[in-house]
Every structure is written in C-alpha cells, then in structure tokens.
Novice: 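Take this structure first; my questions come after.
Just so it is clear: chains get the letters A, B, ... in the order the sequence lines come, proteins before strands, and each one is counted from 1. Bear in mind the structure is a predicted one, so any value in this text is a computation, not a measurement.
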Amino acid sequence: MPTSAQEHREVSRKITYQSELDPGFGEHIAKMAYGEKLFSCIQCGTCSGTCPVSHYMDFTPRRIIAMVREGFRTDVLNSLTIWLCASCYSCTVECPREIKITDVMYALKQEAIATGVYPKRFPVPVLAREFFSGVERNGRNSEGPLMVKFFLKTNPLSMLKNASMAFRLWTKGRLSLFEEKMRTPGVVSTLLRAAKQAGGNGK
Amino acid sequence: MTNTPTNGKSGNWEPHIVAFFCNWCTYTAADLAGVSRMKHAPNVRIIRVMCSGRVDPQFVLEAFAKGADGVLIGGCHFGDCHYSEGNYKAARRIRMLKRMLHDMGIEEDRFRLEWISASEGDKVKLVVNDMVDKVKALGPLGLPGRFNEWDKEMEHLEAKAGVKEVAHAG
Amino acid sequence: MLDPSASNGTPRIGFYICHCGTNIAGTVDVKAVAEYIGTLNGVVVSREYKYMCSDPGQELIQQDIKEQKLDRIVVASCSPLLHEHTFRTATEKAGLNPFFFQMVNIRENVSWVHTDPVAATEKAKDLARAAVRRVFLHKPLAPKKVPINPAVLVVGGGIAGIHAALTLANAGKHVYLVEREPTIGGHMAMFDKTFPTLDCAACILTPKMSAVKSHPNITLWTYSEVSALEGFVGNYKVQVKRKPRYIKEDLCVGCMECVTACIFKDARFPDEFNVGLSKRKPVYIPFPQATPQVVLFDPETCLQLKKGKCKQTCIEACDRECIDFTQTEEFKDIEVGTIILATGFKPFDPSKTPYYGYGTYPNVYTALEVERLVNASGPTGGEVVLRDGSHPKAVGIIHCVGSRDEKTNRWCSRVCCMYSLKLAHLLKEHTGAEVYNFYIDMRTPGKGYEEFYDKLLKEGVHFIRGRVAEVTDWAMDAKEEGKLIVRVEDTLIGTVRRVPLDMVVLSQGLEPRADAQDVRRLFNISCATEGFFLERHPKLAPVNTFTDGVFIAGACQGPRDIPDTVAQAGAAAAEALALIDAGHIELEPNTAFILEEDCSGCKSCVPLCPYKAISFLEDKKKAYINEALCKGCGTCVAACPSGSIVQNLFEDDQIFSEIDGLLSELAVSGGGRL
Amino acid sequence: MTYRYFPGCSLKSSGRSYEESLLAVFRALEVPVQELDDWNCCGATAYMSVDEVEAFALAARNLALAEQGGNGQAPQLMAPCSACYLVLLKTQKYLAQHSDLDQKVRAGLTAVNLRYDGRVQVRHPLDILVNDIGLDRIKKRVKAPLAGMKVACYYGCQIVRPFATFDTAYNPTTMDKLVAALGATPVAWPLKTRCCGGTLTGTIPEVGLRLNRILLGEAKRRGADTLITVCPLCQFNLECYQDAIQRELNANVSLPIVYLTQLMGQAFGLSDTELGLQRLFVPAARPAVQEGGKAAHA
C-alpha cells in the first residue's frame, strides 16, 4: 500500500523470537473477558470488516486476537487499536464464532492501564482515567470539568480550538463548569472499596 | 471398591449410580459421547437394555437395595422409540415408581428418567454430571447398611420375643 | 455368592481385557483389572492383550476355549455395537454357542470419557465383574432367521437415488423409486457445469434419468411421498401417496399442446426449476428433459382447480384425452426388504444473513440462481443479465454464506469452495467481468480440485481472504455511486477494503431438508445434532443407519459433492444387495416367551405389544407370544405381574446378577445383606 | 404504572433537552415517571476501560435503587441514554452469568446497605413508547402531524447491540414506525446502526469527525430533512461537530439533529421551550405546511 511514509525509510527488525512472547497472555485475557472463545477464532476478519474504525488501527481487531492468542503482550498493549475501539459492539454481534471482541478490548484496556503499558500522552486512556477519578470522587461525571482536565493533560493547544464550541454549549445551557455531585457521594467510595476488597479484577 | 470409600465419614466419598440405557438411543448417545471424548464424571455404570420399556421397577429397587446412591434411566424421546411406544410405557411405570420411592424416603434427585437421542452425546455428559453433583450433595444413601441395622433391630426384637416365648413355655 | 443351579455344573469363564493400543490402556490399568477378575469365582483364565479384535486376539480366545475347556467368554474392550458380532463369531468358531459371550464396554463408556485413571480402573472392574456374574446365567440360543423381500425402496430421485436405483435394477432387483417433485433429477439437474471437469451436468445426468424411466426393474413414482411405513428389515410394508397431476400419466406424451392452449396466454407464475427467475403457466413440464415427460397442473394457480371455473381450453387441445380434473390422491401399498434414503439437502436461506442484502438489493443472487443464469437452457439462455437489465462488469462471490457460523450453521458445507470457483470461471467466461472471490479458507481436497483452483488463479480471478462483513449501497465517492459495496478485511494484506461491484453471488451452504425430522421419524432412524441423517459409524458404516435394512446416501447424510454422492449411492446399493443375496436375515434371538405354568391369564401384557405379537389363548386362559412377530423390546416382560414372561438374552435373573455384580463390592464393604 | 427514571450524567448537562423533551412527552401522554433518588454514574464505557468490577458495582447500585419498594411487579427502569441502557443491561446479564463477579458486586452493595435480586427490567424510552404505550395512543395525541417531513432515524449502536431486546441489530424499525405514526416519512438508509464514534470526536477528532461526516452525508444524500437520535452522545456528536466537519473535512453536512422525543413533542404541539429546542445549534426542522391545530385522529 502506498503510504506517506515513503520519504522516511528505516530498516527495522521484523522477526519475533519465542522468548519475547508471554505464553500465558492469551489465557489471561480470555479469562478477563469472560470466556475461552478467543481460541476458536478462525481469523476470518469479520470483526475488522464490520468495525467502523478498523481502518485507523495499527493492527486490525482480527490481528489483535491472533496476537493475544500467541502471547504478543507488548505489541498488543502498546497498540493504538485498543484505544480506538468505540465499544459499538458491531464485531461482537457479527463474529461467526461468537467471540465477545468488545469485552476482549475492554480487558486489554484494563490490562494496559493496570500495568502502565500504553501509549503515553495518547488521549483515550487519559480520558478514561480522568472520568474514573471524577466518578470515584463525586459519584457522577461532570462533562465540563472533565473536558477541561482532559485537554490540559493531552493537548492544551486544542483547547483553544474547542473553546468556541464550549462557549456555545455554555450559552445554550448545555455545559456547566461546576462539578455534578450526588447528594451522598461518600456512598460510592464505600461501594467501590467493598467490591474491590472482595477481589476487584485481582489488581 | 478399594479406592473409593463408600462410607459417608470419609471426605472423598463418591456416589455410585446405576444406569439403564436403551440400546437404540441413549446407549448409542453414550457411545457418541465416547467417540467425541466428552469427559464426564466416572460414577455411572451403564447396563444396556433393548428398550427403556424393559426396565422393571424391581431392577431399580434392587439397585438401591444393593447400595446404589442413584439410578438413571435413559430412553428415546417420545415419538422416537425404536419399538414405537416402549418409552411411553416406561414413563408411565416410572411415574408410579417415583411416588413409591418418595414414600420410602428416597430423595427425588436419586432417581431420574431422561430422554436422550442417539445424537445427543453432549446431553449424556450434562445429565451424568448434573446427577452426580446432585447425588453428591445428598450424600450416601447406604440402604445395605440401613438394612443391616434393621436386621439387628429385628433380631433384637425377635430375641426379646423369643425370651418371652421361652418364659411362657417354662 | 452364585447360584450354581443356574448353569450346567460349574462354569469355566475366560476373561479378556483389551488395551486397544493406548485407547484403553492409557487410562485404565488393564493389568490390575485382569488380575482382579482372575480372582473371581468361576474365572479360569484372565488375560490382557493389545488388540482383542485382531486375528491373534480372537485366536487367543479360541485356543483357550479348546485347551482350558472354557464355556463362558467375557471380553472387555469397546462398545458391543462395534464388535459384539466379532467376538460372538470367534466364540462360535471354537465350538461354543455364540451366546455364551458377554461384552464389557470400557472404551466408549470408560477410557474415552474419564481422565482419572484410578476411578476409571475401578469402574472397569465393576463393569467386568457384573459381566462375569451375568455370563454365568447365559443360555445357548440360536439366531432367528427371517427371509428377505428382494424389492428395494429408494426415496429421493436426485443423482444419489437415481444411481442407487439403477445399480440395484441392473443387479436384477425390483426398485420402487419415489420422488416428491414432478420430475427426477434433483439439484444436479439445475446445475450448469460440474467441477472440476466442467462437463455439462445435463449431458451426464439426463441419460441416467431416461434409463430410470425405461428400466424394466424400476417402478418410478414422481410427485409422490412415502406416507406410512411398518415392519422390520427384510419385510417392510410401505404406503406411498401419489399426488394428483390431473393428467393420466400413462397416456400423456408430453406434446405440451395443453400448455399452449391454456387460458393464461402468458406465463406468469414463478418457475420453481429456475428458482423464480422465469415464469411458467399453471400447466407445465418443469424443464425440457424432465422425467417423466408428463405435464402437471398446479392446483394453486390453475383456474379450474382453484376456482372451479375455466373454459378448459386445455381439454379441447388434448387429443389423447389425458386431462382429468377429478383426480385425487392415490395410495399405493408395496412390500420391500430394504430401503435407501437419498432425500438430499436444502440450500441455506440467505435471508438469515441480512447483512448480505439478499432481497434488499436486486443484484444480490444466490449461487443456485446463478447456476440457472449461466445455463444455456436457463431463463436467459445463458446470458448473464442482471435483474435491472444490465451486464455486470464486476462480480463478487461470497463464500461460506450460512456456514461456519455459530448463529446459522456451524459446519463447513464442503462443496461451496469448489462450486464458487466453478461459478467464478463461468461468470468470467460469460461476461468478461472482474471476478472477486471472498473466502475464509480455500478448501479444495479432491481429485483435480487443487488443479482447478490453480487454473482459476491463472485466469486472473481475484482471491481476497476475508469473510465479508456487509454488502451495502452507501457510497464513499463518485466511483462507488450506484454500486454494491462489499466491505471486507483482506486478511492476507491486513487492510480493510471496499470493493464496488455490480453483482454479488452468495455461496449458500447446504443444510438438512426442512422435513428431515419427520422423515427420520417415519423411517425410525436418527439425525445428528445439525439435523443430517446419522450414519451407524462415521468411518466403518457410513451408509448404514441404526435401523437394519435402512441405508442413506448423498447429501441427506451431510454436505457432499457429486462424485462422493454417487460413490455413496453405489455403496448403499451394495449394502442392500448384500442383505438381499444372503436370502435371509439373522436377527438377535432376544424374543420373549411365556412360562405357561406361571401365567395367571391376567391379560395385562396383551395390549402392551405394539406388534400384536401377544394373544390370549381362550382355551388355556394363558397368554401366548408369537415369536415371529416379537421384536424383542421386553416391555411386556417388565410389565408381567407374575414374572412369567422371559426375554432371551435379557432374562430377569441375568439383569439382576448384572446389577448385583456392579454393586457387590460396595455391599460387602458397606456391610449390607446379600 | 410509574416508570423509574435513570437520567445518567449527560441528560443533566449536554443532553438537557433530551430530558426536557422526554419528560414533556411522557407528561403529554399521561405516563408517570419518577427519577431515582440519588443515583450515580452508570459506570459507562470509559469506566469499563479502567476497572470492570467497579463499573459493574456502580451500575448495580442503580439497579438496586430501582428495585427498592415496588408492589410485586418487576420494576421498570427507564434509561434514555444508550450507553447507560447498555451498561445496565450488561450488568444484569453478567451478574446472572458469572457468580464470582456477582459475589464481588454483592459485597459492595452490602457495604452501602443495598441488595439486588435481578428483578428490574431495564427499558429504553423507545421500547416503552412503542411497545407499552403503543402507536395508537401516540397517534391519538398528535396535534400537528409532521406531514411531508423526511426523517432519517438513527438508532446508533448500543440500543440494539449486543443485547437487542426489542428490535433487530441489522435493520431496526421501531423508530421508523413511530415516526410514521407522527405523520412524517422515515427515510430508508443503511447506516441506522453504524457507530458515531462515541468519545472519539473529542479524543481522536481525525477519526471521530470522519465517522460523523459519513452518517450526515448519507442521511442528506437520501433526502432527509432531519436526523433523529435517542442518545445524548450521538446527538452531541452529530450536531455540535458540524462546524468542525465543515472546517476540517470541507464537507457541507448541515442538518438538524433532534431527539426523537423533541420530534414527538413537535407533533404533539408542545412549545419549543418545553422541548428545549432553543438549546440546539442547528435549528429544528419544521413541517413544510403546518396543518395548525387539526387533530390527527379522524
């Protein structure tokens, strides 16, 4: 395929040694994603074909499944693919082997965040973490403050680009810069702590 | 049974289940489970009969009396009987037998009738595993042991009565 | 422990346990079982051997019978359904009655389904002990012999049924060939060319069709169905329902004057043979080579039949006077000894895969429709014209439609890769279009098949490895406007592609016919989980069923191509011939009989027998079982309140001792009473 | 029957007009709705990425709240946001299927004096409108039929996938039928359930904007006067980024994007402010000829 990378040619190593692989990775992810169906994948590519964003991914969902099975831990967790998944569940519905691919993607995201192996400064994990801490604090998500923090942490310049939209939202009464709170936000932290102590994701 | 202790005291007690499978459907299904290597619990011993209609209630009672913890009967689905209607006859007979076993204090889960067609190897596996789990939960039935106790009681009573008789005679 | 009176003197039992290579010995400690059984009362010989079913294994038994004077044999190996006959014969060859034998299933029932060697070995011991206890009580029996009716019923007139019928008829047997449709020929008659040789389907099929029609040994009933069946191997009674054609079949010569004269001047009803791509009249012949060459009236569309009002121009036109609107269903009763089922398959219905747009986009076709479209005698005379009248410049063939999918059919339909290649070739040849094959895996195992694939590759057909996700009509740019767009990952290149096409062909898989369950009930056979008829053994008895005398051939047993279908049809015919030419059939002597002295005359057994084998002797006030009618189910035995019915091979005492044998160790250790 | 109502975070901010119009329509149909007291975030998409058990626990608390009280009948919990709807359904399903997960979530709920027994029925307003209230009742309430208006019904992904309960995943028709009942003409188009990209518009605009351009472009190509949605995120993406799409991708995609309930409110003759129409960036479409005040039922 012709790409824009033509002027920038580098020789890179394209061999994988067995010693670089994590043989238990597939089983581990399959377990996190509620099932062993991962291993019945026939590499037909339906997931990639139906995915609305697969053409932006560095590895198509089909390749991710193959790599997970074979223990390509580092490549998978560093891939952009898992962060591009918008959770539209198209692949899960279409897969002829009934593999819950969306759940596999969630498992990979969790694994990447838990082990700190993910593309730095990439916006999606940052958004996920900011969302997470906001809800942990207030019990609810506050769209305005979340947006501000998100842009500050990823690309402060793009905030200017989005400022006019934010202003319009604000004038239409669709955006508040105050934090949305439950009446009793403490309840949520108690709930989460207790669920976690019972063994939240083994982390 | 040298390796599978049968008294309830030991933690690794394993139930013994006797199964009567009809030749045409369920026995064939068990064969299919074998050919397909569908692993399941080893507690069931199969006796092959030509038709579930051949299963005499006395067979079931005999199995319980001789120490079985459960009895499983397998036949063809309704409409599929190799002999047209043997399974209907079996079903009717077994309904009566169930009531009788209930009266005898034998729990419902220890006696089961299943329709399993020749192609349902997976169902053999499911039914066997499920039944073993349920019987395990109930624990040993131990009818032979109970018979023993009853016998002793009877002997005791008879002995008592005997003494009386002797006394009378004297 | 034993009842010595049950056998003649003290029995001398030989016990043999088979390793079956590692199939059994890998899980069951065969040595321990053999040692243990050797300690049981009455067991004289107890051996283990690698393959008991081999010649040396059988000789081992025979030698022991002679040298050790054994009078009972127990073999612990595989399922009795597989090798009981083998060992009975071996026993008989050594001079012992074959029924002094009992088999223990420790492969299918033990080693193949259990993983714990300790538990498996214990179970094998229990089962073997039970058999030893049972065989004590066995009695000498003679197999029942019944004569066989040499006539054969073949159900289904596709290539499988045609081939089976001709083979049997050529061997001098009378064949009744029953076909549901108005003509024989089946799906093969609809195909254009056949892979991989590309010879025309009609050219090789139609001579066989006319041979069926003219064969003196074949009674051909088309537009007919088997409506009832009773009896057993050797002697089946069959009822065939013949649907009315409203034509005297023996008079009609197929001149089609009535078709021309029909009040409907234009054909306006969907033509079944062309899968709806053309129209026919209410009176028609399905296709020019239809066999028999006889017209029929469709009661759904014929005015006279539907409304009772028509000028009946057809009757005026028929100078042979063969039209008869008063015809009704007719039932024929026949007797045959064996049956071959060749009822074929149903193509997968693509409306179950809505993402491929069949029914939504007119230029999405099924493979069967395309077979007619490229056929010179098809609705367009072999010119590939789309439903919108245009000629395609780019065609996509989607493989595995409905196949290999948990939500539709899980199996690989086996023929679609090859027929897709064939259609790719034909479409390219007919239209010069760019042809794309979208496949998951390319499966071409067959003589000359891989070579055919190679030929297609060289012809410049595109092969994209990937299962198509969707066929849509939304365009991303001007070049896509008005096209069907296939969205697919090209898995070999690793990129998602959008391919604009004018025509999409869905390679529909093969599935069981909609009424397969009714048919299997009627003929008392089984279906596998996916719904195809179940063979007796997947390798060693592929055309046999669990019902003796009923054989299966062709795609009713599973998806298969023409060469395999014909081979199977020949095999089924040979199996039937083997039975017929033996002259009689040996049946298990497992019939029941009455112990007259014990019978109380309560009559409870009489209505239980589905074969009316039990009657009541008014003079003696006793029940009586006609052994010739008894099929050996044993239902009456279990029901007899006085215990006066005995089933050979399954006597009460034999089963009781089997139960006791299974549990005896248990009872001893449990301190029970015995 | 009173429907319990779980608004979710978006309906309190960017999706305010969804809440306003939803409640207005239900009021007009005289169907009582009661907001869950002190609900919390459903544990949606972003949360799932970080800790799944916690996400399930969050959802379960809302389900437990919905289950409280009630009179023996299965409590009906209305969740208008597609993401909330999916997460609540998924939580129910996974708790029932995976006992280890159920155990952890149960422990969390116990700590806040709650329990959940799986009795709640999670419902999307579209499902309630068509299957409970019914098209007949809706038709009777129509005061200003939307004759001549061509509407592209956009279902988005998460109400029919993967737990399609009231419509099919491939070609859903519930909303189309409802739109027809309002007197408008639903547009046949193949992208009814194609994803709008969710949060990708914000996180990776080069991807997110393109997804929305495809949807808007195709709806316009098929002649739609307006596109309607039932999800606050879809509405936000499809409406608020139209300028950005125009700027970055040089494509004219201007199209009114309203909530289904806003369209219904228009047909019911409700006022613009009742329906929050003033909050739109692109003014709502109006039927070409207003048959002012003429009742639809005749």
Novice: Counting heavy-atom pairs closer than 4.5 Å to chain D, which one of A:Ile113, A:Leu108, A:Asn141 comes out on top?
Specialist: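 Ranked by contacts with chain D, first place is A:Asn141.
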Novice: Spell out, as yes or no, whether a donor-acceptor pair under 3.5 Å connects the side chain of A:Arg140 to the backbone of D:Cys9.
Specialist: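 A pair under 3.5 Å: no.
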Novice: Name the option with the most non-hydrogen atom pairs under 4.5 Å to chain D; the candidates are A:Thr184, A:Thr50, A:Thr92.
Specialist: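 Answer, by heavy-atom pair count under 4.5 Å with chain D: A:Thr184.
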Novice: I need the minimum non-hydrogen distance between A:Ala194 and D:Ala107, along with the two atoms involved.
Specialist: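 It is CB-O, 3.7 Å.
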Novice: Does atom CZ of D:Arg115 have more than 12 heavy-atom neighbours from other groups under 6.0 Å away?
Specialist: no
Novice: If you round to the nearest 0.5 Å, how far is NZ of D:Lys12 from OG of A:Ser142?
Specialist: 13.5 Å
Novice: Heavy-atom distance under 4.5 Å to chain D: side chain of A:Val93, backbone, both or neither?
Specialist: both
Novice: Hey, does the side chain of D:Gln158 reach the backbone of A:Ser87 with a donor-acceptor pair shorter than 3.5 angstrom?
Specialist: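 Such a contact is found between D:Gln158 side chain and A:Ser87 backbone.
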Novice: Is the shortest distance from a Lys or Arg side-chain nitrogen in A:Lys31 or D:Asp100 to a carboxylate oxygen in the other one below 4.0 Å?
Specialist: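 Salt bridge: no.
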Novice: Applying side chain to side chain contact (heavy atoms under 4.5 Å, CB included) to A:Val135 and D:Glu54, what does each step give before you reach the verdict?
Specialist: CA-CA 11 Å; A:Val135 171; D:Glu54 290 195 11; over 6 Å; no
Novice: What part of D:Leu211 is in contact with chain A, defined as an atom under 4.5 angstrom from a non-hydrogen atom: side chain, backbone, both or neither?
Specialist: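 For D:Leu211, side-chain heavy atoms alone lie under 4.5 Å from chain A.
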Novice: Is it the backbone or the side chain of D:Ser10 that comes under 4.5 Å from a heavy atom of chain A, or both, or neither?
Specialist: both
Novice: Who are the ring pair (Phe, Tyr, Trp, His ring centres under 6.0 Å) partners of D:His98, not counting sequence neighbours?
Specialist: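 So D:His98 forms a ring pair (Phe, Tyr, Trp, His ring centres under 6.0 Å) with A:Tyr34, D:Tyr94.
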Novice: Can you confirm whether A:Gln43 is buried at CD, in the sense that more than 12 heavy atoms of other residues, nucleotides or ligands lie under 6.0 Å from that atom?
Specialist: yes
Novice: Working to the nearest 0.5 angstrom, can you tell me the gap between D:Asn113 CG and A:Leu191 CG?
Specialist: 11.5 Å
Novice: Who among A:Leu175, A:Leu84, A:Ile82 has the most heavy-atom pairs with chain D under 4.5 Å?
Specialist: A:Leu84
Novice: Has A:Glu143 got a side-chain atom pairing as donor or acceptor with D:Ser13's backbone, closer than 3.5 angstrom?
Specialist: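 No, because the side chain of A:Glu143 does not come within donor-acceptor range (under 3.5 Å) of the backbone of D:Ser13.
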Novice: Taking all non-hydrogen atoms of both residues, which atom of D:Asp243 and which atom of A:Arg168 are closest, and how far apart?
Specialist: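 Taking D:Asp243 first and A:Arg168 second, the nearest heavy atoms are OD2-NH1, 3.1 Å.
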Novice: Identify the heavy atoms of D:Phe236 and A:Leu169 that sit nearest to each other, and give their distance.
Specialist: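 Shortest heavy-atom separation between D:Phe236 and A:Leu169 comes out as CE1-CD1, 3.5 Å.
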Novice: At a 4.5 Å cut-off on heavy atoms, which part of D:Ala57 comes close to chain A: side chain, backbone, both, or neither?
Specialist: both
Novice: Quick check: are there more than 12 heavy atoms from other residues, nucleotides or ligands sitting under 6.0 Å from CD of D:Glu248?
Specialist: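 Atom CD in D:Glu248 is packed in, count exceeds 12.
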Novice: Just by modelled atom types, is the A:Lys196 backbone N or O under 3.5 Å from a matching donor or acceptor in the D:Lys104 side chain?
Specialist: no
Novice: Applying side chain to side chain contact (heavy atoms under 4.5 Å, CB included), run through A:Tyr56 and D:Glu206 and close with a yes or a no.
Specialist: CA-CA 9 Å; A:Tyr56 298 103; D:Glu206 54 271 43; 6.0 Å; no
Novice: What residue, out of A:Gly134, A:Pro185, A:Gly186, A:Pro52, has the most heavy-atom pairs lying under 4.5 Å from chain D?
Specialist: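 Looking at each of A:Gly134, A:Pro185, A:Gly186, A:Pro52 in turn, A:Pro52 comes out on top.
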Novice: Would you say CD of D:Gln278 has more than 12 non-hydrogen atoms from neighbouring residues, nucleotides or ligands within 6.0 angstrom?
Specialist: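 Buried by this count: over 12 neighbours within 6.0 Å.
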Novice: Need one label for A:Lys181: side chain, backbone, both or neither, based on atoms under 4.5 Å from any heavy atom in chain D.
Specialist: neither
Novice: Which bit of D:Arg61 is near chain A, if near means a heavy-atom gap under 4.5 Å: side chain, backbone, both or neither?
Specialist: side chain
Novice: Between D:Leu86 and chain A, with a heavy-atom cut-off of 4.5 Å, which part of the residue counts as in contact: side chain, backbone, both or neither?
Specialist: side chain
Novice: Should we count CZ of A:Phe167 as having more than 12 external heavy atoms under 6.0 Å?
Specialist: no
Novice: Working note: D:Lys90 + A:Asp103, criterion side chain to side chain contact (heavy atoms under 4.5 Å, CB included); need CA distance, chi angles, decisive distance, verdict.
Specialist: CA-CA 11 Å; D:Lys90 183 172 177 172; A:Asp103 283 356; 2.7 Å; yes
Novice: Please list, chain by chain and in numerical order, all residues satisfying side chain to side chain donor-acceptor pair (under 3.5 Å) with D:Asn250, sequence neighbours excluded.
Specialist: none
Novice: Is it the side chain or the backbone of D:Leu101 that comes within 4.5 Å of chain A heavy atoms, both, or neither?
Specialist: side chain
Novice: Going from CG on A:Leu80 to CD1 on D:Ile204, what distance comes out if it is rounded to the nearest 0.5 angstrom?
Specialist: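 A:Leu80 CG to D:Ile204 CD1: 7.5 Å, rounded to 0.5 Å.
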Novice: Drop me the distance from A:Phe132's CZ to D:Leu58's CG, to the nearest 0.5 angstrom.
Specialist: 9.0 Å
Novice: So for D:Phe281, is it side chain, backbone, both, or neither that comes closer than 4.5 Å to the heavy atoms of chain A?
Specialist: both
Novice: Is there a donor-acceptor contact under 3.5 Å from the side chain of A:Arg174 to the main chain of D:Arg16?
Specialist: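 Side chain of A:Arg174 to backbone of D:Arg16, a donor-acceptor pair under 3.5 Å: no, none is there.
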